[in-house]
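Notes to accompany the following structure.
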Amino acid sequence: MIKEVTAVQRILSTQLSHQIGESVRIAGWLHRRRLLKSVAFLIVRDAAGLAQVVVTDPTVRAAVESLSEETVVEVTGTVIANPTAPAGVEVVEPAVRPLGPPAVPPPFDLYRPVLTATLPTQLDHAPTALRHPSRSAALRISAAAVAGFRAALDARDFVEIHTPKVVASSTESGANVFALDWFGRPAYLAQSPQFYKQLMVGVFERVYEVGPVFRAEPHDTVRHLAQYTSLDVELGFVADHRDVMVVLRDTLAGMLGAVRARAGAALATLGVEPPEVPAEIPAVHFTEALKIAGAPADEPDLAPAHERALGEWACREHGSDFLFVTGYPMAKRPFYTHPDPARPAYSNGFDLLFRGMELVTGGQRLHRYEDYLAALAARGEPVEPYAGYVDAFRHGMPPHGGFAIGLERFVARLTGAANVREVTAFPRDLHRLTP
RNA sequence: GGUCCUGUGGAGCAGUCGGAGUGCUCGCCGCCCUGUCAAGGCGGAGGUCGCGGGUUCAAGUCCCGUCAGGACCGCCA
(Lines give C-alpha, C1' and ligand atoms only; values in the text may rest on other atoms or scores of the structure.)
Protein backbone atom coordinates (compact mmCIF):
# COMPACT_ATOMS: atom_id res chain seq x y z
CA MET A 1 0.00 0.00 0.00
CA ILE A 2 1.31 3.44 -0.95
CA LYS A 3 1.18 6.03 1.77
CA GLU A 4 2.41 9.59 1.85
CA VAL A 5 4.66 9.23 4.86
CA THR A 6 6.10 12.72 4.59
CA ALA A 7 2.75 14.50 4.65
CA VAL A 8 1.97 16.45 7.80
CA GLN A 9 -1.62 15.96 8.85
CA ARG A 10 -3.77 19.05 8.44
CA ILE A 11 -4.68 20.73 11.74
CA LEU A 12 -7.84 22.81 12.20
CA SER A 13 -7.47 26.30 13.62
CA THR A 14 -9.12 25.40 16.92
CA GLN A 15 -6.68 22.51 17.50
CA LEU A 16 -3.52 24.62 17.35
CA SER A 17 -3.42 25.10 21.11
CA HIS A 18 -2.80 21.34 21.44
CA GLN A 19 0.15 21.50 19.00
CA ILE A 20 2.49 23.97 20.70
CA GLY A 21 6.06 23.40 19.61
CA GLU A 22 4.95 21.16 16.76
CA SER A 23 5.32 21.64 13.03
CA VAL A 24 1.83 21.78 11.55
CA ARG A 25 -0.04 22.24 8.31
CA ILE A 26 -3.20 24.35 8.27
CA ALA A 27 -5.33 25.36 5.31
CA GLY A 28 -8.22 27.69 4.67
CA TRP A 29 -9.21 31.05 3.34
CA LEU A 30 -7.10 34.18 3.75
CA HIS A 31 -9.57 35.95 6.02
CA ARG A 32 -7.48 39.08 6.51
CA ARG A 33 -3.93 40.32 6.09
CA ARG A 34 -2.40 42.95 8.28
CA LEU A 35 0.78 44.15 6.64
CA LEU A 36 3.24 46.12 8.73
CA LYS A 37 6.78 47.08 7.85
CA SER A 38 8.69 44.07 9.12
CA VAL A 39 5.95 41.73 10.16
CA ALA A 40 2.77 40.59 8.48
CA PHE A 41 -0.17 38.83 10.11
CA LEU A 42 -2.27 36.43 8.13
CA ILE A 43 -5.61 35.41 9.56
CA VAL A 44 -6.55 32.06 8.06
CA ARG A 45 -10.18 30.95 8.33
CA ASP A 46 -11.18 27.31 8.17
CA ALA A 47 -14.33 25.42 9.04
CA ALA A 48 -13.51 25.57 12.74
CA GLY A 49 -12.46 29.18 13.15
CA LEU A 50 -9.51 31.53 12.75
CA ALA A 51 -5.77 31.05 13.04
CA GLN A 52 -3.04 33.70 13.11
CA VAL A 53 0.09 33.24 11.01
CA VAL A 54 3.09 35.53 11.51
CA VAL A 55 5.28 36.30 8.49
CA THR A 56 8.71 37.88 8.94
CA ASP A 57 10.73 36.29 6.15
CA PRO A 58 11.05 38.88 3.32
CA THR A 59 10.58 36.30 0.57
CA VAL A 60 7.39 34.89 2.12
CA ARG A 61 6.26 38.43 2.82
CA ALA A 62 6.62 39.42 -0.83
CA ALA A 63 4.61 36.39 -1.95
CA VAL A 64 1.86 37.09 0.57
CA GLU A 65 1.47 40.71 -0.55
CA SER A 66 0.10 39.53 -3.89
CA LEU A 67 -2.61 37.34 -2.29
CA SER A 68 -5.99 38.97 -1.82
CA GLU A 69 -8.48 38.21 0.94
CA GLU A 70 -10.45 34.96 0.42
CA THR A 71 -7.59 33.31 -1.48
CA VAL A 72 -7.35 29.66 -0.47
CA VAL A 73 -3.98 28.89 1.08
CA GLU A 74 -2.05 26.13 2.79
CA VAL A 75 0.38 27.09 5.55
CA THR A 76 3.05 24.97 7.16
CA GLY A 77 4.91 26.30 10.15
CA THR A 78 5.58 25.98 13.84
CA VAL A 79 3.01 26.57 16.55
CA ILE A 80 4.05 28.76 19.45
CA ALA A 81 2.18 30.07 22.45
CA ASN A 82 1.96 33.85 22.52
CA PRO A 83 -0.31 35.78 24.88
CA THR A 84 -0.47 38.70 22.43
CA ALA A 85 -1.94 36.50 19.70
CA PRO A 86 -5.75 36.62 19.49
CA ALA A 87 -6.15 32.91 20.32
CA GLY A 88 -3.02 32.70 22.51
CA VAL A 89 -1.27 30.64 19.83
CA GLU A 90 0.08 31.43 16.39
CA VAL A 91 1.97 29.83 13.53
CA VAL A 92 5.48 31.20 12.91
CA GLU A 93 8.22 30.62 10.31
CA PRO A 94 5.54 29.76 7.80
CA ALA A 95 5.66 28.54 4.24
CA VAL A 96 2.55 29.81 2.47
CA ARG A 97 1.27 28.03 -0.61
CA PRO A 98 -1.79 29.31 -2.49
CA LEU A 99 -4.11 26.46 -3.50
CA GLY A 100 -5.63 28.59 -6.23
CA PRO A 101 -5.22 31.94 -7.93
CA PRO A 102 -5.67 35.13 -5.86
CA ALA A 103 -9.37 35.51 -5.06
CA VAL A 104 -11.52 38.28 -6.46
CA PRO A 105 -12.70 40.12 -3.33
CA PRO A 106 -16.46 39.93 -2.61
CA PRO A 107 -18.38 43.23 -2.61
CA PHE A 108 -18.40 43.28 1.20
CA ASP A 109 -15.81 42.69 3.92
CA LEU A 110 -16.09 39.20 5.34
CA TYR A 111 -13.52 39.92 8.05
CA ARG A 112 -15.62 42.53 9.84
CA PRO A 113 -17.67 41.47 12.88
CA VAL A 114 -20.90 42.39 11.17
CA LEU A 115 -21.85 42.19 7.51
CA THR A 116 -22.75 45.74 6.53
CA ALA A 117 -24.28 44.81 3.19
CA THR A 118 -28.08 44.87 3.01
CA LEU A 119 -29.91 41.56 2.83
CA PRO A 120 -30.58 41.74 -0.95
CA THR A 121 -26.88 42.34 -1.57
CA GLN A 122 -25.97 39.42 0.67
CA LEU A 123 -28.47 37.17 -1.08
CA ASP A 124 -27.22 38.21 -4.52
CA HIS A 125 -23.75 37.12 -3.42
CA ALA A 126 -24.85 34.25 -1.19
CA PRO A 127 -21.95 31.89 -1.97
CA THR A 128 -19.51 34.32 -0.39
CA ALA A 129 -21.83 36.10 2.07
CA LEU A 130 -22.55 32.75 3.73
CA ARG A 131 -18.86 32.49 4.62
CA HIS A 132 -19.34 35.27 7.15
CA PRO A 133 -19.40 33.78 10.65
CA SER A 134 -22.75 35.36 11.43
CA ARG A 135 -24.39 33.76 8.41
CA SER A 136 -22.73 30.37 8.68
CA ALA A 137 -23.52 30.25 12.41
CA ALA A 138 -27.25 30.31 11.65
CA LEU A 139 -26.82 27.43 9.21
CA ARG A 140 -24.87 25.43 11.78
CA ILE A 141 -27.65 26.00 14.28
CA SER A 142 -30.10 24.84 11.63
CA ALA A 143 -28.09 21.67 11.04
CA ALA A 144 -27.88 20.99 14.78
CA ALA A 145 -31.63 21.51 15.15
CA VAL A 146 -32.32 18.97 12.41
CA ALA A 147 -29.92 16.50 14.04
CA GLY A 148 -31.79 16.99 17.32
CA PHE A 149 -35.13 16.51 15.57
CA ARG A 150 -33.99 13.19 14.17
CA ALA A 151 -32.37 12.05 17.43
CA ALA A 152 -35.43 12.89 19.53
CA LEU A 153 -37.73 10.94 17.23
CA ASP A 154 -35.35 8.05 16.64
CA ALA A 155 -35.24 7.65 20.42
CA ARG A 156 -39.03 7.26 20.38
CA ASP A 157 -39.09 4.58 17.69
CA PHE A 158 -40.04 6.83 14.78
CA VAL A 159 -38.90 5.83 11.28
CA GLU A 160 -37.54 8.39 8.84
CA ILE A 161 -39.33 8.34 5.49
CA HIS A 162 -38.84 9.98 2.10
CA THR A 163 -41.91 10.91 0.12
CA PRO A 164 -42.36 12.20 -3.45
CA LYS A 165 -41.80 15.88 -4.10
CA VAL A 166 -43.56 15.67 -7.45
CA VAL A 167 -47.23 14.80 -7.16
CA ALA A 168 -50.21 14.42 -9.48
CA SER A 169 -52.60 16.59 -7.50
CA SER A 170 -52.29 19.23 -4.86
CA THR A 171 -52.37 18.15 -1.23
CA GLU A 172 -54.22 21.05 0.28
CA SER A 173 -57.24 22.62 -1.39
CA GLY A 174 -56.26 23.50 -4.88
CA ALA A 175 -54.57 26.58 -6.10
CA ASN A 176 -51.16 27.41 -4.74
CA VAL A 177 -48.95 24.84 -6.41
CA PHE A 178 -46.10 24.99 -8.88
CA ALA A 179 -47.09 23.18 -12.05
CA LEU A 180 -44.55 21.31 -14.11
CA ASP A 181 -44.40 18.96 -17.04
CA TRP A 182 -43.96 15.28 -16.16
CA PHE A 183 -43.32 13.42 -19.42
CA GLY A 184 -46.14 15.35 -21.03
CA ARG A 185 -48.52 15.04 -18.09
CA PRO A 186 -49.35 17.84 -15.66
CA ALA A 187 -47.70 17.46 -12.27
CA TYR A 188 -47.04 19.63 -9.23
CA LEU A 189 -44.32 20.24 -6.67
CA ALA A 190 -45.52 18.87 -3.34
CA GLN A 191 -46.88 21.49 -0.92
CA SER A 192 -46.52 19.07 1.95
CA PRO A 193 -45.83 15.38 2.65
CA GLN A 194 -49.14 15.33 4.54
CA PHE A 195 -50.92 12.51 2.69
CA TYR A 196 -47.86 10.30 2.42
CA LYS A 197 -46.83 10.61 6.05
CA GLN A 198 -50.37 9.67 7.10
CA LEU A 199 -50.29 6.66 4.81
CA MET A 200 -46.94 5.60 6.26
CA VAL A 201 -48.46 5.57 9.75
CA GLY A 202 -50.26 2.50 8.38
CA VAL A 203 -46.81 0.93 7.88
CA PHE A 204 -44.60 2.10 10.75
CA GLU A 205 -47.06 3.71 13.21
CA ARG A 206 -44.57 6.52 13.81
CA VAL A 207 -42.80 8.38 11.02
CA TYR A 208 -40.99 11.61 10.31
CA GLU A 209 -39.53 13.37 7.33
CA VAL A 210 -37.12 16.24 6.75
CA GLY A 211 -37.66 17.69 3.33
CA PRO A 212 -38.49 20.62 1.10
CA VAL A 213 -42.02 21.78 0.47
CA PHE A 214 -43.15 24.20 -2.19
CA ARG A 215 -45.81 26.89 -1.90
CA ALA A 216 -46.73 29.03 -4.89
CA GLU A 217 -48.47 31.52 -2.63
CA PRO A 218 -47.80 35.16 -3.48
CA HIS A 219 -46.74 35.97 0.06
CA ASP A 220 -44.16 38.68 0.26
CA THR A 221 -43.19 38.81 3.92
CA VAL A 222 -40.21 38.24 6.22
CA ARG A 223 -41.59 34.84 7.26
CA HIS A 224 -42.56 33.25 3.93
CA LEU A 225 -40.53 31.33 1.38
CA ALA A 226 -41.74 29.59 -1.76
CA GLN A 227 -39.53 26.66 -0.80
CA TYR A 228 -38.84 25.85 2.82
CA THR A 229 -37.78 22.88 4.90
CA SER A 230 -40.58 21.13 6.69
CA LEU A 231 -39.93 18.90 9.71
CA ASP A 232 -42.90 16.55 9.50
CA VAL A 233 -44.05 14.05 12.11
CA GLU A 234 -47.00 11.67 12.18
CA LEU A 235 -47.89 9.03 14.76
CA GLY A 236 -50.60 6.44 15.23
CA PHE A 237 -52.62 5.19 18.20
CA VAL A 238 -53.16 8.59 19.77
CA ALA A 239 -56.14 9.36 21.99
CA ASP A 240 -56.39 12.82 20.49
CA HIS A 241 -54.27 15.83 19.57
CA ARG A 242 -52.87 16.13 23.10
CA ASP A 243 -50.75 13.03 22.61
CA VAL A 244 -49.30 14.73 19.54
CA MET A 245 -48.56 17.87 21.54
CA VAL A 246 -46.55 15.85 24.05
CA VAL A 247 -44.37 14.46 21.25
CA LEU A 248 -43.96 17.95 19.81
CA ARG A 249 -42.87 19.28 23.20
CA ASP A 250 -40.24 16.55 23.54
CA THR A 251 -39.09 17.05 19.95
CA LEU A 252 -38.55 20.77 20.50
CA ALA A 253 -36.63 20.06 23.71
CA GLY A 254 -34.46 17.61 21.75
CA MET A 255 -33.84 20.15 19.01
CA LEU A 256 -32.80 22.87 21.43
CA GLY A 257 -30.68 20.41 23.38
CA ALA A 258 -28.85 19.43 20.21
CA VAL A 259 -28.35 23.07 19.31
CA ARG A 260 -26.73 23.65 22.70
CA ALA A 261 -24.61 20.52 22.44
CA ARG A 262 -23.53 20.76 18.81
CA ALA A 263 -23.64 24.46 17.93
CA GLY A 264 -22.28 26.13 21.04
CA ALA A 265 -19.74 28.15 19.10
CA ALA A 266 -22.39 29.30 16.63
CA LEU A 267 -24.65 30.37 19.51
CA ALA A 268 -21.75 32.33 21.01
CA THR A 269 -21.03 33.98 17.65
CA LEU A 270 -24.60 35.22 17.51
CA GLY A 271 -24.87 35.90 21.24
CA VAL A 272 -27.88 33.63 21.52
CA GLU A 273 -29.08 31.74 24.59
CA PRO A 274 -31.60 29.03 23.61
CA PRO A 275 -34.81 29.07 25.65
CA GLU A 276 -35.93 26.24 27.92
CA VAL A 277 -38.94 24.26 26.79
CA PRO A 278 -41.37 24.03 29.72
CA ALA A 279 -42.14 20.49 30.88
CA GLU A 280 -45.68 21.34 29.89
CA ILE A 281 -46.07 24.07 27.30
CA PRO A 282 -48.97 26.37 28.20
CA ALA A 283 -52.02 25.85 26.00
CA VAL A 284 -55.06 28.01 25.37
CA HIS A 285 -58.17 27.25 23.36
CA PHE A 286 -58.70 29.31 20.23
CA THR A 287 -61.74 31.07 21.72
CA GLU A 288 -59.68 32.03 24.76
CA ALA A 289 -56.78 33.14 22.55
CA LEU A 290 -59.04 35.61 20.77
CA LYS A 291 -59.93 37.19 24.10
CA ILE A 292 -56.30 37.38 25.23
CA ALA A 293 -55.28 38.96 21.92
CA GLY A 294 -58.16 41.38 22.05
CA ALA A 295 -59.59 40.09 18.78
CA PRO A 296 -63.32 39.99 17.94
CA ALA A 297 -64.98 36.73 19.09
CA ASP A 298 -66.13 35.92 15.54
CA GLU A 299 -62.61 36.17 14.08
CA PRO A 300 -61.92 32.90 12.21
CA ASP A 301 -58.12 33.02 12.53
CA LEU A 302 -55.30 34.74 14.38
CA ALA A 303 -53.62 37.66 12.62
CA PRO A 304 -49.85 38.18 13.03
CA ALA A 305 -50.52 41.03 15.47
CA HIS A 306 -52.68 38.68 17.58
CA GLU A 307 -49.93 36.05 17.55
CA ARG A 308 -47.43 38.63 18.77
CA ALA A 309 -49.80 39.65 21.56
CA LEU A 310 -50.24 35.98 22.55
CA GLY A 311 -46.48 35.50 22.55
CA GLU A 312 -46.06 38.37 24.99
CA TRP A 313 -48.88 37.03 27.11
CA ALA A 314 -47.27 33.55 27.32
CA CYS A 315 -43.97 35.09 28.32
CA ARG A 316 -45.59 37.31 30.93
CA GLU A 317 -48.08 34.87 32.43
CA HIS A 318 -46.21 31.58 32.08
CA GLY A 319 -42.56 32.57 31.49
CA SER A 320 -42.72 30.51 28.30
CA ASP A 321 -41.40 31.31 24.82
CA PHE A 322 -43.82 28.68 23.52
CA LEU A 323 -47.60 28.68 23.49
CA PHE A 324 -50.10 26.15 22.13
CA VAL A 325 -53.30 27.46 20.63
CA THR A 326 -55.76 24.56 20.35
CA GLY A 327 -59.18 24.08 18.85
CA TYR A 328 -58.97 26.22 15.72
CA PRO A 329 -62.34 26.43 13.94
CA MET A 330 -62.91 23.49 11.58
CA ALA A 331 -63.75 25.95 8.81
CA LYS A 332 -60.14 27.15 8.72
CA ARG A 333 -58.51 23.71 8.80
CA PRO A 334 -57.96 21.23 5.97
CA PHE A 335 -60.52 18.48 5.29
CA TYR A 336 -58.50 15.73 6.98
CA THR A 337 -58.68 17.53 10.34
CA HIS A 338 -60.41 15.69 13.18
CA PRO A 339 -63.17 17.70 14.88
CA ASP A 340 -63.40 18.12 18.63
CA PRO A 341 -66.07 15.52 19.57
CA ALA A 342 -67.38 17.83 22.28
CA ARG A 343 -67.51 20.97 20.08
CA PRO A 344 -67.67 19.88 16.43
CA ALA A 345 -67.29 23.42 15.09
CA TYR A 346 -63.80 23.40 16.56
CA SER A 347 -60.96 21.06 15.66
CA ASN A 348 -58.59 18.78 17.47
CA GLY A 349 -55.92 20.86 15.78
CA PHE A 350 -53.33 23.20 17.23
CA ASP A 351 -50.72 25.73 16.34
CA LEU A 352 -47.57 26.32 18.33
CA LEU A 353 -46.40 29.91 18.64
CA PHE A 354 -42.69 30.48 19.26
CA ARG A 355 -42.04 34.00 20.51
CA GLY A 356 -45.21 35.23 18.90
CA MET A 357 -44.85 33.57 15.52
CA GLU A 358 -46.64 30.53 14.16
CA LEU A 359 -43.99 27.81 14.12
CA VAL A 360 -45.93 24.55 13.99
CA THR A 361 -49.32 23.40 12.81
CA GLY A 362 -50.60 20.01 13.88
CA GLY A 363 -53.50 18.01 15.14
CA GLN A 364 -55.44 14.83 15.09
CA ARG A 365 -56.53 13.56 11.65
CA LEU A 366 -59.60 11.68 10.51
CA HIS A 367 -58.94 7.95 10.33
CA ARG A 368 -62.22 6.45 9.07
CA TYR A 369 -62.95 6.20 5.37
CA GLU A 370 -66.54 7.36 5.80
CA ASP A 371 -65.38 10.46 7.65
CA TYR A 372 -63.18 11.40 4.70
CA LEU A 373 -66.06 11.00 2.24
CA ALA A 374 -68.25 13.15 4.48
CA ALA A 375 -65.56 15.79 4.99
CA LEU A 376 -64.92 16.16 1.26
CA ALA A 377 -68.66 16.21 0.50
CA ALA A 378 -69.21 18.90 3.14
CA ARG A 379 -66.63 21.06 1.38
CA GLY A 380 -68.07 20.36 -2.06
CA GLU A 381 -64.86 18.66 -3.15
CA PRO A 382 -64.80 15.57 -5.38
CA VAL A 383 -63.24 12.40 -4.01
CA GLU A 384 -61.59 11.38 -7.27
CA PRO A 385 -58.42 13.53 -7.06
CA TYR A 386 -57.79 12.13 -3.57
CA ALA A 387 -58.71 8.53 -4.41
CA GLY A 388 -55.25 7.03 -3.82
CA TYR A 389 -55.09 8.70 -0.43
CA VAL A 390 -58.64 8.23 0.80
CA ASP A 391 -58.85 4.58 -0.31
CA ALA A 392 -56.09 3.65 2.13
CA PHE A 393 -58.43 4.43 5.01
CA ARG A 394 -60.69 1.54 3.95
CA HIS A 395 -57.90 -0.85 4.80
CA GLY A 396 -57.52 -0.01 8.46
CA MET A 397 -55.85 3.07 9.89
CA PRO A 398 -55.41 3.82 13.60
CA PRO A 399 -56.37 7.11 15.19
CA HIS A 400 -53.42 9.32 14.41
CA GLY A 401 -52.09 12.83 14.25
CA GLY A 402 -48.96 14.81 13.62
CA PHE A 403 -47.37 18.16 13.06
CA ALA A 404 -44.98 20.10 10.83
CA ILE A 405 -42.30 22.50 12.03
CA GLY A 406 -41.04 25.23 9.73
CA LEU A 407 -37.26 24.89 10.07
CA GLU A 408 -36.38 28.38 8.83
CA ARG A 409 -38.91 29.97 11.17
CA PHE A 410 -37.53 27.96 14.07
CA VAL A 411 -33.97 29.14 13.42
CA ALA A 412 -35.05 32.71 12.73
CA ARG A 413 -36.98 32.96 15.99
CA LEU A 414 -34.16 31.27 17.89
CA THR A 415 -31.42 33.53 16.54
CA GLY A 416 -33.47 36.71 16.50
CA ALA A 417 -33.20 37.06 12.72
CA ALA A 418 -35.74 39.58 11.46
CA ASN A 419 -36.15 37.74 8.15
CA VAL A 420 -36.19 33.99 7.46
CA ARG A 421 -33.98 34.70 4.44
CA GLU A 422 -31.14 35.53 6.85
CA VAL A 423 -31.07 31.91 8.00
CA THR A 424 -31.68 30.30 4.59
CA ALA A 425 -28.66 29.57 2.41
CA PHE A 426 -30.31 30.10 -0.97
CA PRO A 427 -33.86 31.35 -0.37
CA ARG A 428 -36.55 30.89 -3.00
CA ASP A 429 -39.35 33.42 -2.92
CA LEU A 430 -41.68 35.44 -5.11
CA HIS A 431 -38.78 37.35 -6.64
CA ARG A 432 -35.69 35.26 -6.10
CA LEU A 433 -34.76 32.20 -8.14
CA THR A 434 -30.97 32.71 -8.12
CA PRO A 435 -28.34 32.12 -6.94
C1' G B 1 -53.06 41.10 -4.44
C1' G B 2 -53.50 46.06 -1.17
C1' U B 3 -50.92 50.20 1.48
C1' C B 4 -46.49 52.74 2.55
C1' C B 5 -41.16 53.55 2.03
C1' U B 6 -36.33 53.42 -0.63
C1' G B 7 -33.11 53.57 -5.36
C1' U B 8 -26.55 58.57 -5.05
C1' G B 9 -18.53 55.46 -7.18
C1' G B 10 -17.42 48.32 -5.16
C1' A B 11 -20.41 48.17 0.19
C1' G B 12 -23.32 51.26 3.71
C1' C B 13 -25.21 56.27 4.07
C1' A B 14 -25.97 61.94 4.12
C1' G B 15 -27.32 65.54 0.59
C1' U B 16 -31.62 71.34 4.05
C1' C B 17 -35.51 75.92 0.45
C1' G B 18 -34.35 73.36 -6.80
C1' G B 19 -28.41 76.57 -7.70
C1' A B 20 -21.35 73.08 -10.43
C1' G B 21 -21.39 65.29 -8.87
C1' U B 22 -21.04 68.09 -2.87
C1' G B 23 -19.99 65.10 1.71
C1' C B 24 -19.29 60.84 5.46
C1' U B 25 -17.80 55.56 6.98
C1' C B 26 -15.56 51.30 4.74
C1' G B 27 -13.27 48.91 0.64
C1' C B 28 -9.72 49.47 -3.73
C1' C B 29 -4.58 51.46 -5.67
C1' G B 30 0.30 53.74 -4.09
C1' C B 31 3.64 55.13 -0.12
C1' C B 32 4.85 54.92 5.34
C1' C B 33 4.64 52.00 10.04
C1' U B 34 8.06 45.14 14.86
C1' G B 35 2.83 42.80 17.25
C1' U B 36 -1.56 43.78 14.37
C1' C B 37 -6.86 42.45 16.81
C1' A B 38 -12.88 45.77 12.43
C1' A B 39 -4.88 47.72 12.85
C1' G B 40 -2.95 52.89 12.15
C1' G B 41 -0.88 57.42 9.14
C1' C B 42 -0.45 60.15 4.28
C1' G B 43 -1.86 60.48 -0.82
C1' G B 44 -4.85 58.80 -5.14
C1' A B 45 -8.43 56.56 -8.44
C1' G B 46 -13.40 55.37 -9.00
C1' G B 47 -20.29 58.17 -10.29
C1' U B 48 -25.09 58.48 -16.96
C1' C B 49 -27.60 60.34 -8.75
C1' G B 50 -32.11 52.99 -11.35
C1' C B 51 -34.50 54.12 -16.33
C1' G B 52 -37.82 57.33 -19.51
C1' G B 53 -40.53 61.74 -19.93
C1' G B 54 -42.17 66.57 -17.94
C1' U B 55 -41.95 71.51 -15.15
C1' U B 56 -37.94 75.25 -14.68
C1' C B 57 -33.04 80.02 -16.52
C1' A B 58 -31.45 75.74 -13.52
C1' A B 59 -33.50 68.91 -11.20
C1' G B 60 -29.94 63.94 -7.12
C1' U B 61 -33.82 67.34 -5.16
C1' C B 62 -40.47 68.89 -7.78
C1' C B 63 -44.37 66.10 -11.07
C1' C B 64 -45.86 61.68 -14.20
C1' G B 65 -44.63 56.87 -15.86
C1' U B 66 -41.64 52.57 -15.49
C1' C B 67 -38.21 48.97 -13.41
C1' A B 68 -35.82 47.15 -9.00
C1' G B 69 -35.61 46.53 -3.67
C1' G B 70 -37.75 46.77 1.37
C1' A B 71 -41.65 46.97 5.37
C1' C B 72 -46.63 46.14 6.88
C1' C B 73 -51.35 43.72 5.72
C1' G B 74 -54.07 39.60 3.58
C1' C B 75 -52.55 34.23 4.04
C1' C B 76 -49.44 30.63 5.98
C1' A B 77 -45.06 26.91 8.38
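Heavy-atom basis, side chains included; hydrogens, waters and symmetry copies ignored. Given the structure is predicted, the values throughout are model-derived calculations rather than measurements.
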Practice problem: Please determine if Arg156(A) forms a cation-pi arrangement with Phe158(A), meaning its NZ or CZ atom is less than 6.0 Å from the six-membered ring centre and no more than 45° off the ring axis. | Solution: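 Arg156(A) over Phe158(A) ring: no.
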Quiz item: Is Arg333(A) positioned over the aromatic face of Tyr328(A), cation under 6.0 angstrom from the ring centre and no more than 45 degrees off axis?
Solution: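 The answer is yes, since Arg333(A) meets both limits relative to Tyr328(A).
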Quickly work out the [X] [atom1] to [N] [atom2] distance and round it to whole Å.
| X | N | atom1 | atom2 | value |
| --- | --- | --- | --- | --- |
| Gln227(A) | C76(B) | CD | P | 21 Å |
| Tyr328(A) | A77(B) | OH | P | 10 Å |
| Leu42(A) | G35(B) | CG | P | 16 Å |
| His125(A) | G10(B) | NE2 | P | 11 Å |
| Asp109(A) | C26(B) | CG | C1' | 6 Å |
| Glu408(A) | A77(B) | CD | P | 13 Å |

Practice problem: Go through the steps for His400(A) and Gln198(A) under the test side chain to side chain donor-acceptor pair (under 3.5 Å), then give the verdict. | Solution: CA-CA 8 Å; His400(A) 64 286; Gln198(A) 282 184 260; 2.9 Å; yes
Report yes if some heavy atom in the side chain of [X] is under 4.5 Å from a heavy atom in the side chain of [Y]; otherwise report no.
| X | Y | value |
| --- | --- | --- |
| Phe195(A) | Tyr336(A) | yes |
| Pro274(A) | Leu414(A) | yes |
| Ser347(A) | Pro339(A) | no |

Separation between the [atom1] atoms of [N] and [M], rounded to whole Å:
| N | M | atom1 | value |
| --- | --- | --- | --- |
| U56(B) | G18(B) | P | 16 Å |
| G54(B) | G60(B) | P | 15 Å |
| A58(B) | G19(B) | P | 14 Å |
| G52(B) | C5(B) | C1' | 22 Å |

Quiz item: Thr84(A) side chain N/O closer than 4.0 Å to the phosphate oxygens (OP1, OP2) of G35(B)?
Solution: no
Exercise. Establish, with yes or no, whether the OP1 or OP2 oxygen of A11(B) is under 4.0 angstrom from a side-chain nitrogen or oxygen of Thr116(A).
Key: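 No, Thr116(A) has no side-chain N/O under 4.0 Å of OP1/OP2 on A11(B).
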Practice problem: Grab the stems for RNA chain B, please: at least three consecutive Watson-Crick or wobble pairs, both distances below 3.5 Å, written as range with range. | Solution: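 Result, WC/G-U stems under 3.5 Å: B:1-7 with B:67-73, B:10-14 with B:22-26, B:28-32 with B:40-44, B:50-54 with B:62-66.
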Could you tell me whether [X] contacts a base, only the sugar-phosphate backbone, or nothing, with contacts defined as non-hydrogen atoms closer than 4.0 Å?
| X | value |
| --- | --- |
| Pro304(A) | base |
| Leu225(A) | base |
| Asp351(A) | nothing |
| Thr121(A) | sugar-phosphate |
| Gln52(A) | base |
| Gln122(A) | nothing |
| Pro107(A) | sugar-phosphate |
| Ala85(A) | base |
| Glu307(A) | base |
| Val360(A) | sugar-phosphate |

Exercise. Compare the ring of Tyr111(A) with the six-membered ring in the base of A38(B) and state whether they stack (centres under 5.5 Å, planes under 30°).
Key: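 No, the aromatic ring of Tyr111(A) does not stack with the base.
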Quiz prompt | Side-chain donor/acceptor contact of Glu69(A) with base of G27(B) under 3.5 Å | solution = no
Return the polar atom pairs (N/O with N/O) between nucleotides 29-33 of chain B and the protein under 3.5 Å, or none.
unit_1 : atom_1 : unit_2   : atom_2 : d
C33(B) : OP2    : Lys37(A) : NZ     : 2.8
C33(B) : N4     : Leu35(A) : O      : 3.1

Exercise. Return the set of residues passing side chain to side chain contact (heavy atoms under 4.5 Å, CB included) with Arg45(A) (not counting sequence neighbours), or none when no residue passes.
Key: Trp29(A), His31(A), Leu50(A), Glu70(A), Arg131(A)
Quiz item: Hey, which of Phe286(A), Phe350(A), Phe354(A) is the one that makes ring-ring contact (aromatic ring centres under 6.0 Å, His included) with Phe324(A)?
Solution: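 Exactly one candidate clears the test, Phe350(A).
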Atom pairs under 3.5 Å, N or O on each side, protein against nucleotides 3-7 of chain B: can you list them with distances?
none

Quiz prompt | Residues forming a side-chain hydrogen bond (donor to acceptor under 3.5 Å, both in side chains) with Arg365(A), sequence neighbours excluded | solution = Glu234(A)
Detail all sub-3.5 Å separations between protein N/O atoms and N/O atoms belonging to nucleotides 65-71 of chain B.
unit_1 : atom_1 : unit_2    : atom_2 : d
A71(B) : OP1    : Asn419(A) : ND2    : 3.0

Quiz item: Taking for each residue the nucleotide of RNA chain B bearing the nearest heavy atom, is the 5' side occupied by Thr56(A) or by Ala404(A)?
Solution: Thr56(A)
Practice problem: May I ask you to check whether over 12 heavy atoms, not counting those of Arg61(A), lie within 6.0 Å of atom CZ? | Solution: yes
